[in-house]
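Structure, as structure tokens:
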Amino acid sequence: MPKKKGPEAKHQSGWVILKDRDKQIEDFCRDYLTFMSRVKTEREAVAYIMGLSARGLIRIENRGKALALCRKGTRPLADGVRIVVAHLDSPRLDLKANPLYEDTELAMLKTHYYGGIKKYQWLARPLALHGVVVREDGSSVTITIGEEADEPCFTIEDLLPHLAGKVHAEKRVSEAFQGEKLNIIFGSRPDLEVKEEKVKAAVLKLLKSKYGMVEQDFVSADIEIVPSGAAREVGLDRSLIGAYGQDDRVCAWTAYAAVRDAKNPPYTTIALLVDKEEIGSEGNTGAKSIFLEEVLWQLAQSFKQQIIPSRVLYRSKAISGDVNGALDPDYPEVHEKTNAARMGYGVCVTKFTGSRGKAGSSEAHAEYMGWLRGVLNRRGIPWQTGELGKVDEGGGGTVAKFLAEYGMDVVDMGPALLSMHAPFELSSKVDVYSTYLAYRAFVEEP
Ligand code: MN
Ligand code: MN
């Protein structure tokens with residue numbers, strides 16, 4: 001790896017620091033693009049990674065929505081572990097329990113959005129349906145419709161500008177676009193054999209014949225409406241990656257790859273890929289659950305070591321792998337330029353998150369920041385610091401604080417994105433690769 005001059009070296013563009021590593025960057029990002037094209041939900045992420053070969057990895061799954069990838073360290077578990085946690089869920093639209101109805105001779109599906117979205121970004125664009133339906137008898141069917149060119153897709157219609165004056169243009173954005181109007185267009189051809197709700201009847205017939213589904217099966221389903229289409233290279237120079245769900249599957253992929261490739265890690269290393277971060281890390285697949293303790297119990301059993309999980313966690317070090325917002329060329333006024341992360345400047349280390357006076361942040365200690373900075377500098381890995389917006393401009397949180405509760409040191413580290421939480425988020429290839437290098441350095445560091 002290219003050496004920086006020393007810890008005092010100024011932050012430089014990742015493209016400068018890694019100028020001899022184009023091939024490695026491209027190779028890594030090719031696999032990442034494939035992952036992002038195939039995977040649109042937490043379930044699909046778990047299934048995809050479980051389907052890859054995993055020499056020397058221990059994989060512990062939680063309800064098909066969360067996953068721990070572990071590599072045994074040379075030291076005993078009792079000395080602590082190294083954890084990189086990332087989340088597999090992304091903002092989206094979920095179907096309601098009774099989604100299907102007919103209006104204006106269109107079959108429609110009602111949704112309830114999940115996580116922080118700008119509602120207008122979901123209108124008038126191709127959408128895909130991904131999910132699983134569990135029937136009353138316990139059998140299930142996995143559904144993906146709307147990704148391939150020969151498949152139909154779905155959409156939410158938007159009001160024509162000619163008539164949008166009072167309803168949209170003259171209102172605040174938060175009032176103009178309402179969650180209850182995010183209804184999916186699901187069909188329009190009537191079933192000529194029935195008398196009422198002919199279009200709804202026709203789509204129900206199709207659901208029955210293609211997926212063995214009856215209307216009540218929607219009650220026991222996890223169906224997510226996501227942007228349709230593959231991840232793409234962006235820019236004439238192909239230097240950027242555009243994809244849905246990079247928050248936070250970019251950190252999930254790089255964390256997985258770091259544990260996969262880690263050479264003789266001194267501490268047992270865990271990529272902990274969790275669900276539900278976008279709605280507060282709740283539930284038995286989220287970061288607030290006891291999944292991590294269960295993972296330690298299973299590792300101890302497999303390694304034949306005696307541990308007390310809480311004491312192992314107290315001695316551990318963690319990275320909260322999550323994205324930050326990059327300095328926006330069109331809206332620089334929301335950032336404070338001295339502390340905003342920049343696209344292409346490597347992995348972003350975020351000492352604290354939160355809002356209104358750091359509320360909700362666990363904030364990393366100076367000692368831990370010093371240690372981590374040394375690790376990154378010694379290995380010549382492009383890195384920068386970041387802060388999500390100006391003071392009092394807004395803010396956000398991550399899973400860091402839930403790990404910190406165990407007593408371990410934890411800091412946020414991941415790439416900065418443009419268009420974060422949009423249906424098409426942008427990352428820089430060199431930042432993605434730097435994130436992988438940084439996570440790998442963290443798990444390999446003595
Ligand atoms: Mn995130
Ligand atoms: Mn997010």
Side-chain angles (χ1 to χ4, degrees), residues 32 35-36 39-42 44-46 65-67 83-94 113-119 121-122 224 226-227 231 241-256 271-283 285-289 318-326 328 334 340-341 343 347-355 360-362 364 386-389 393-404 410-428 431-432 435-436 438-439:
Y32 173 57
F35 171 71
M36 291 306 290
V39 164
K40 301 283 182 85
T41 69
E42 53 286 323
E44 289 170 353
V46 170
K65 294 183 177 182
L67 178 64
I83 303 165
V84 184
V85 62
H87 65 94
L88 296 172
D89 61 315
S90 297
R92 61 181 190 247
L93 309 178
D94 287 338
Y113 66 97
Y114 171 100
I117 62 165
K118 291 166 95 175
K119 297 180 185 93
Q121 292 177 336
W122 291 74
E224 306 179 12
V226 298
I241 292 169
Y244 161 70
Q246 298 201 73
D247 175 8
D248 186 32
R249 291 193 278 274
V250 64
C251 295
W253 182 255
T254 46
Y256 152 74
L272 185 73
L273 311 182
V274 295
D275 180 28
K276 299 282 192 286
E277 192 276 343
E278 297 293 357
I279 56 168
S281 297
E282 316 289 349
T285 52
K288 284 188 194 168
S289 76
I319 296 295
S320 163
D322 212 337
V323 298
N324 202 323
D328 189 317
V334 304
M343 295 290 278
V347 69
C348 170
V349 183
T350 305
K351 186 171 186 282
F352 57 86
T353 59
S355 50
S361 172
S362 53
E387 182 173 4
L388 188 61
E393 189 73 37
T398 66
V399 301
K401 59 182 175 183
F402 308 120
L403 292 179
V410 55
V411 66
D412 284 292
M413 184 162 77
L417 303 182
L418 287 173
S419 297
M420 192 174 135
H421 277 216
F424 192 68
E425 300 176 305
L426 280 182
S427 63
S428 157
D431 295 343
V432 173
T435 301
Y436 160 73
Y439 292 168

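Numbering of ligands and ligand atoms starts at 1, following listing order. Along the sequence shown, the residues carry numbers beginning at 1.
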Partners meeting salt bridge (Lys or Arg N to Asp or Glu O under 4.0 Å) with K276 (sequence neighbours left out)
none
Closest approach of A404 and V410, non-hydrogen atoms and distance?
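Closest pair (atom of A404, atom of V410, distance): CB-CG1, 3.6 Å.
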When you compare the side chain of V250 with that of T435, does any pair of heavy atoms fall below 4.5 Å?
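Counting from C-beta outward, T435 and V250 never come under 4.5 Å.
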Name the one of V39, V46, D275 that satisfies side chain to side chain contact (heavy atoms under 4.5 Å, CB included) with L88?
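Considering V39, V46, D275, a side chain to side chain contact (heavy atoms under 4.5 Å, CB included) with L88 is found only for V46.
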Going by the side chain to side chain contact (heavy atoms under 4.5 Å, CB included) test, name the single residue among M420, M36, Q246 that passes it with S427.
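The residue from M420, M36, Q246 that satisfies side chain to side chain contact (heavy atoms under 4.5 Å, CB included) with S427 turns out to be Q246.
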Presence of salt bridge, E44 and R249, under 4.0 angstrom
no
Listing by chain and number, which protein N, O or S atoms are under 2.8 Å from the Mn ion (ligand 1)?
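Listed by chain and number, the atoms are H87 NE2, D247 OD1, D322 OD1, D322 OD2.
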